[in-house]
Amino acid sequence: MCAELRAGTGPLSGIRVVELAHVMAGPTCGRMLADMGADVVKVEPPGAGDPTRAFAPPEMGGTAAAFIMMNRNKRGIVIDLKTEPGREVARRMLARCDVVIENFREGVMEGLGLGYETLRAANDALIYCQITGFGRTGPLASHRGFDLIAQGMTGLLSVTGEGPGRPPVKCGPPLTDITAGILGAMGVVSALYARERTGVGQRVDTSLYEAGITQTFWQSAVGLATGESPAPLGSAHPLAAPYEALPTADGWITVGGWNQVNWLRLVRTIGLNELAEDPRFATNADRMANLEELRALLSRRLETESTATWLERLEAANVPAGPVSTIMEMLRHPQTAAREMVVRVPEGDAEAESLGMPVKFSDPPAPVERGAPRMGEHTEEVLRDYGFSADEIAGLLQSGAVGG
């Protein structure tokens with residue numbers, strides 16, 4: 001069910017990226033760039049390395065599955081940035097690379113002598129991608145960022161859940177971390193395009209906070225138009241109905257029947273023709289105003305047949321619908337395989353499964369060539385590539401400024 005590895009250059013082939021980032025948001029950005037062909041070097045501190053190495057169980061081949069997922073397709077190097085020789089190694093690398101990614105709290109990189117202004121003086125073509133909790137400006141700029149906190153502060157927890165009066169519910173995946181990483185990668189690619197015209201790099205600045213706000217398009221539209229905060233609606237849509245998960249005889253089904261054509265197809269297909277003439281549900285606005293009654297009527301009917309039966313009928317009638325899949329059902333679905341969204345990557349002497357690249361290119365294909373690096377696996381190789389001599393590398397290893 002997994003796609004085999006494919007050799008390729010990728011649209012970002014030749015771009016050098018140094019990832020001074022940890023856990024989720026920064027590594028997501030680095031992974032996206034690596035999958036598009038950039039040479040991404042992940043820098044880890046000596047000792048435990050990136051905290052996701054400890055996110056176990058589960059493990060694959062002795063390495064935390066979480067680390068494998070976030071860091072495949074990268075080379076790995078260990079640098080002790082708490083030492084001056086280690087910081088000098090970083091400065092020399094950053095003077096020769098195209099992009100640096102960091103997701104430390106505001107001021108940390110400046111304290112290490114690796115802030116944007118310092119690095120730009122040595123390499124004015126550098127693109128400096130900074131992903132923080134709340135952005136580099138404003139009253140919260142110095143606050144630490146975590147996905148749960150960002151989901152709460154951006155209103156996501158207030159609109160996720162079963163309904164008004166129920167406890168707040170976090171979105172299962174770390175939504176703001178992943179979105180911030182994708183926004184960072186988009187910003188980097190845009191800055192690379194701008195550099196082609198100007199020859200000059202720039203800072204790319206985004207945050208978990210802005211990532212969370214970006215996910216509230218519909219809810220913010222309601223709030224800005226009415227002055228009132230939307231409440232949680234379970235799986236329902238804040239502006240369209242019916243558009244939610246509904247129970248069947250043996251599970252749940254999602255139905256997208258909000259526009260008038262699909263609404264009429266839906267009620268006729270499930271045998272509720274009378275609803276097509278019911279003034280309570282005549283328009284989308286009417287259906288939203290009477291959502292609880294509509295949900296009860298649809299649920300009562302759908303609970304008389306199995307999910308598979310309804311899906312077959314709705315698909316034949318061209319009504320948007322789907323099952324509520326488990327994660328493993330999604331991972332093993334033929335469509336997932338067809339889109340190469342589960343791939344095999346090297347992991348030590350074996351292979352591990354990882355998620356594929358969600359953007360496809362016709363020429364050339366995005367490569368998935370490496371598993372996640374072992375601690376310091378590529379230290380000597382990377383330093384040679386960045387112009388360090390054999391004697392310099394030996395001295396750095398002996399001093400502990402870098403690790404193999």
Side-chain angles (χ1 to χ4, degrees), residues 151-173 175 212-213 215-326 329-330:
Q151 286 201 34
M153 293 187 68
T154 58
L156 294 176
L157 264 67
S158 76
V159 296
T160 303
E162 295 178 348
R166 303 289 292 172
V169 176
K170 172 186 172 293
C171 176
L175 190 65
I213 292 173
Q215 293 288 346
T216 70
F217 281 150
W218 293 142
Q219 287 79 10
S220 289
V222 172
L224 292 171
T226 67
E228 298 181 1
S229 296
L233 295 169
S235 63
H237 196 288
L239 298 170
Y243 192 92
E244 61 183 293
L246 296 165
T248 66
D250 61 354
W252 292 81
I253 189 172
T254 54
V255 176
W258 69 272
N259 72 43
Q260 208 62 16
V261 171
N262 286 331
W263 161 248
L264 295 174
R265 287 175 179 168
L266 170 65
V267 295
R268 289 166 183 161
T269 301
I270 66 175
L272 291 177
N273 291 348
E274 65 274 17
L275 297 189
E277 308 300 329
D278 193 318
R280 294 174 298 172
F281 313 125
T283 67
N284 181 65
D286 295 324
R287 293 190 289 274
M288 286 298 297
N290 297 283
L291 183 59
E292 290 300 324
E293 297 168 84
L294 176 62
R295 180 183 293 129
L297 290 167
L298 294 177
S299 297
R300 190 177 306 130
R301 175 60 180 149
L302 291 170
E303 285 179 317
T304 64
E305 301 278 3
S306 69
T307 295
T309 298
W310 286 125
L311 286 177
E312 183 178 358
R313 293 177 186 174
L314 292 169
E315 182 177 355
N318 202 26
V319 177
V324 177
S325 302
T326 66
E329 287 170 342
M330 173 276 291

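Predicted, not measured: the structure shown is a model, and the values here were computed from it.
Heavy atoms of other residues, nucleotides or ligands lying less than 6.0 angstrom from CZ of R280 number more than 12. Under a cut-off of 6.0 angstrom, the local environment of CD in E274 is crowded, with over 12 non-hydrogen atoms contributed by other residues, nucleotides or ligands. Crowding of E329 atom CD: a count of heavy atoms from other residues, nucleotides or ligands under 6.0 Å exceeding 12. At most 12 heavy atoms of other shown residues, nucleotides or ligands fall within 6.0 angstrom of atom CD in E315. Counting non-hydrogen atoms of neighbouring residues, nucleotides and ligands closer than 6.0 angstrom, the CH2 atom of W263 exceeds 12 such neighbours.
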Item to complete: Given side-chain contact (heavy atoms from CB on, under 4.5 Å), test N273 with R268 step by step and report yes or no.
Response: CA-CA 5 Å; N273 291 348; R268 289 166 183 161; 3.4 Å; yes
Item to complete: Begin with the C-alpha distance, continue with both residues' side-chain angles, and end with the deciding distance and a verdict on side-chain contact (heavy atoms from CB on, under 4.5 Å) for D286 and T283.
Response: CA-CA 5 Å; D286 295 324; T283 67; 3.0 Å; yes
Worksheet item: When you look at L314 and I253, which way does the side-chain contact (heavy atoms from CB on, under 4.5 Å) test go after all the steps?
Response: CA-CA 11 Å; L314 292 169; I253 189 172; 3.8 Å; yes
Discussion item. Checking V267 against F281 for the side-chain contact (heavy atoms from CB on, under 4.5 Å) test, could you report, in this order, the C-alpha distance in whole Å, the side-chain angles of both residues, the deciding distance, and whether it holds?
Written reply: CA-CA 11 Å; V267 295; F281 313 125; over 6 Å; no
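In this structure, CH2 in W258 is found 15.0 Å from CD in E244, a value given to the nearest 0.5 Å. Within the model, atoms CG of L264 and CD of E277 stand 8.5 Å from one another, a figure rounded to the nearest 0.5 Å.
Judged as a side-chain hydrogen bond (donor to acceptor under 3.5 Å, both in side chains), and not counting sequence neighbours, the contacts of Q215 are T179. With sequence neighbours excluded, the residues satisfying side-chain hydrogen bond (donor to acceptor under 3.5 Å, both in side chains) with T248 are D250, T307.
Put simply, the side chain of T254 gets close to the backbone of G322: a donor and an acceptor are under 3.5 Å apart. Not a single donor-acceptor pair under 3.5 Å links the side chain of W218 to the backbone N or O of L239. The backbone N or O of L294 lies less than 3.5 Å from no partner atom in the side chain of R287, so there is not a single donor-acceptor pair. Looking at T216, its side chain does come within 3.5 Å of a backbone N or O of I213 through a donor-acceptor pair. A donor-acceptor distance shorter than 3.5 angstrom exists from the side chain of R301 to the backbone of I270, with no hydrogens or angles considered. Formation of a donor-acceptor pair under 3.5 Å by the S235 side chain with backbone atoms of A245 is found in this model. Counting only distance, with no hydrogens or angles, the side chain of Q151 and the backbone of C171 share a donor-acceptor pair below 3.5 Å. Side-chain atoms of R265 come within 3.5 Å of backbone atoms of N318 as a donor-acceptor pair (strictly under, hydrogens ignored).
For the pair L298/P242, a side-chain contact is recorded, criterion being any heavy-atom separation below 4.5 Å from C-beta on. Using a 4.5 Å heavy-atom threshold, the side chains of N262 and P320 count as touching.
What you find for T269 and A317 is that their closest heavy atoms are OG1-CB, 3.1 Å. When all heavy atoms of P230 and Q219 are compared, the pair lying nearest together is CG-O, 3.5 Å. When every heavy atom of P173 is checked against every heavy atom of K170, the shortest pair comes out as O-NZ, 3.7 Å. Of all heavy-atom pairs between V169 and G161, the closest is CG2-CA, 3.8 Å. Closest approach of L291 to A236, counting heavy atoms only: CD2-CB, 4.3 Å. Between S299 and L246, the closest heavy-atom pair is OG-CD2, 3.6 Å.
For the side-chain contact (heavy atoms from CB on, under 4.5 Å) criterion with L266, the lone passing option out of L272, V261, L275, V255 is V255.
Relative orientation of the Y243 and H237 rings is perpendicular, given thresholds of 30° and 60° on the angle between their planes.
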